[in-house]
S.K.: 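Pasting a structure here, questions to come.
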Amino acid sequence: MALLCSCGGNNGETADVADAVADSGKNEVVEAIMARRSIRAYKDTPVEKEKLQLIAECGINAPSGMNQQPWEVRIVNDSTYINGITSVFAEANPKAVEAPGFKNLFRNAPAVIFVAAPDDGSGNLDCGMLGENMMLAAESLGLGTCCLGGCISFINSYPEAAPYLDKLMIPDGYTLLYAIAVGYPDEAPEAKPRNADKVKFID
C-alpha cells in the first residue's frame, strides 16, 4: 500500500495517508484482494454447494453497463463431468497429462465455474468484473481459484469436447470466455512482484 501511495506529488501528505490506512484496522475487502493468489494445486475436498452459490451471487452483483448483465454462468462440481472432459483432453494431448500430479483439466480443482459472453465481445469487460468478484468472494470463504483460458480454447474448438460444451447449455450468440477453478488450496504461493510505477497521479 505504501508503494502505491508514494506515487503522489506531496510525500508528506501521502505518508500521512499511508499511516492512516495502516492504522485503520482490519479491512476485509483489502485483505482479500492482497491475499488472493492463483492456485494450481487443490485438495480433493469437495466445495460446498452453498459456497459455490454464494460465489456466483457475488459475481452477478458485479457492475454491468446499463445493467445488461451480459453473462452466462455455469457451475460444475460433478466429478463425472470433470473426469469426462479430462479424458477427452488426455486423448488429444497425451504429453500434457504426463505432468506430475495431473488429475484433471482444471488444475485438479473439484469445482469449475464457466463464464460465457456475447459473441460480439460487448460483454467482455463486464464478464471480467464478474470473474474478479467471484475470485475475491472465494478467497474470503477460504477457497482458492485460478482463472483459466487454455482449457476453454480446447473445449470451444475440439470436436470430441462438443458433448461437454452442449451440456453447459450456453445460449446461441454466446461463447465460453474463461473458466475459474475453485477448491480448497493445497499450496500457498508467495505474491509475485507488482510494478507500482505503473500507477501515477496526474496533477
S.K.: To the nearest 0.5 angstrom, please state how far the CD1 atom of Ile75 sits from the CG atom of Leu52.
M.R.: 5.5 Å
S.K.: Answer yes if Met134 and Ile33 sit in the same cluster of Ile, Leu, Val, Met, Phe, Trp and Tyr residues linked by side chain heavy atoms under 4.5 Å apart, and no otherwise.
M.R.: no
S.K.: Would you say Ile155 and Ile82 are hydrophobically clustered, going by side-chain heavy atoms of ILVMFWY under 4.5 Å?
M.R.: yes
S.K.: Tyr158 and Val97: same hydrophobic cluster, using ILVMFWY side-chain contacts below 4.5 Å?
M.R.: yes
S.K.: Going from OG on Ser140 to CZ on Arg36, what distance comes out if it is rounded to the nearest 0.5 angstrom?
M.R.: 12.5 Å
S.K.: Can you name the salt bridge (Lys or Arg N to Asp or Glu O under 4.0 Å) partners of Arg37, sequence neighbours left out?
M.R.: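 With neighbours one apart ignored, the set is empty.
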S.K.: Taking side-chain contact (heavy atoms from CB on, under 4.5 Å) as the test, write out the residues that go with Asn83, two or more places apart.
M.R.: Ser79
S.K.: Nearest 0.5 angstrom please: Ile85 CD1 to Thr80 OG1, how far?
M.R.: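 Rounded to the nearest 0.5 Å, the CD1-OG1 separation comes out at 13.5 Å.
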S.K.: Say you draw a straight line from CG of Leu177 to CG of Asn156; how long is it, rounded to the nearest 0.5 Å?
M.R.: 9.0 Å
S.K.: Anything under 3.5 Å between a donor and an acceptor, one on a side chain of residues 146-154, the other on a protein residue two or more places apart or in another chain? List them.
M.R.:
none

S.K.: Can you give me the closest heavy-atom contact between Lys51 and Val47, atom names plus distance?
M.R.: CB-CG1, 4.3 Å
S.K.: Say whether Val73 and Val76 are linked into one hydrophobic cluster, either directly or through other cluster members, by side-chain heavy-atom distances under 4.5 angstrom.
M.R.: no
S.K.: Quick one: CD on Glu91 to OG1 on Thr86, what's the gap to the nearest 0.5 Å?
M.R.: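 So the CD of Glu91 and the OG1 of Thr86 are separated by 11.5 Å.
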S.K.: Report all side-chain donor-acceptor pairs from residues 123-133 shorter than 3.5 Å, counting only partners two or more places apart or in another chain.
M.R.:
| from | atom 1 | to | atom 2 | distance (Å) |
| --- | --- | --- | --- | --- |
| Asp126 | OD2 | Ser64 | OG | 3.4 |
| Asp126 | OD2 | Gly65 | N | 3.1 |
| Asn133 | ND2 | Cys58 | O | 2.9 |

S.K.: Just to verify, what does Asn67 make a side-chain contact (heavy atoms from CB on, under 4.5 Å) with, not counting sequence neighbours?
M.R.: Gln69
S.K.: Which residues satisfy the side chain to side chain donor-acceptor pair (under 3.5 Å) test with Thr175, sequence neighbours excluded?
M.R.: Asp119
S.K.: Give me each pair satisfying salt bridge (Lys or Arg N to Asp or Glu O under 4.0 Å) with a member in residues 63-83, each pair once, sequence neighbours excluded.
M.R.: Glu72-Arg74
S.K.: Hydrophobic cluster membership, with links at side-chain heavy-atom distances under 4.5 Å among I/L/V/M/F/W/Y: are Ile180 and Leu54 in one?
M.R.: yes
S.K.: Return yes when atom CD of Glu28 has more than 12 non-hydrogen atoms of other residues, nucleotides or ligands closer than 6.0 Å, and no otherwise.
M.R.: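 Not buried by this count: 12 neighbours or fewer within 6.0 Å.
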S.K.: Which residues end up grouped with Tyr42 if you chain together Ile, Leu, Val, Met, Phe, Trp and Tyr wherever their side-chain heavy atoms are less than 4.5 Å apart?
M.R.: Ile39
S.K.: Hey, could you give me the CD/CG distance between Glu50 and Leu141, rounded to the nearest 0.5 Å?
M.R.: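 With rounding to 0.5 Å, CD (Glu50) is 11.5 Å from CG (Leu141).
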S.K.: Could you list the donor-acceptor pairs under 3.5 angstrom formed between side-chain atoms of residues 104-115 and any protein atom two or more places apart in sequence or on another chain?
M.R.:
| from | atom 1 | to | atom 2 | distance (Å) |
| --- | --- | --- | --- | --- |
| Asn104 | OD1 | Phe106 | N | 2.7 |
| Asn104 | OD1 | Asn108 | N | 3.0 |
| Asn104 | ND2 | Ala109 | O | 3.0 |
| Asn108 | OD1 | Lys103 | N | 2.6 |
| Asn108 | OD1 | Asn104 | N | 2.8 |
| Asn108 | ND2 | Gly101 | O | 2.8 |

S.K.: Write out all pairs satisfying salt bridge (Lys or Arg N to Asp or Glu O under 4.0 Å) with one or both partners inside residues 141-160, taking only residues at least two apart or from two chains.
M.R.: none
S.K.: Mind checking what makes side-chain contact (heavy atoms from CB on, under 4.5 Å) contact with Ala96, not counting sequence neighbours?
M.R.: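 With neighbours one apart ignored, the set is Phe89, Asn93.
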S.K.: Sequence neighbours excluded, which residues qualify as ring pair (Phe, Tyr, Trp, His ring centres under 6.0 Å) partners of Tyr81?
M.R.: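 Residues passing ring pair (Phe, Tyr, Trp, His ring centres under 6.0 Å) with Tyr81: Tyr164.
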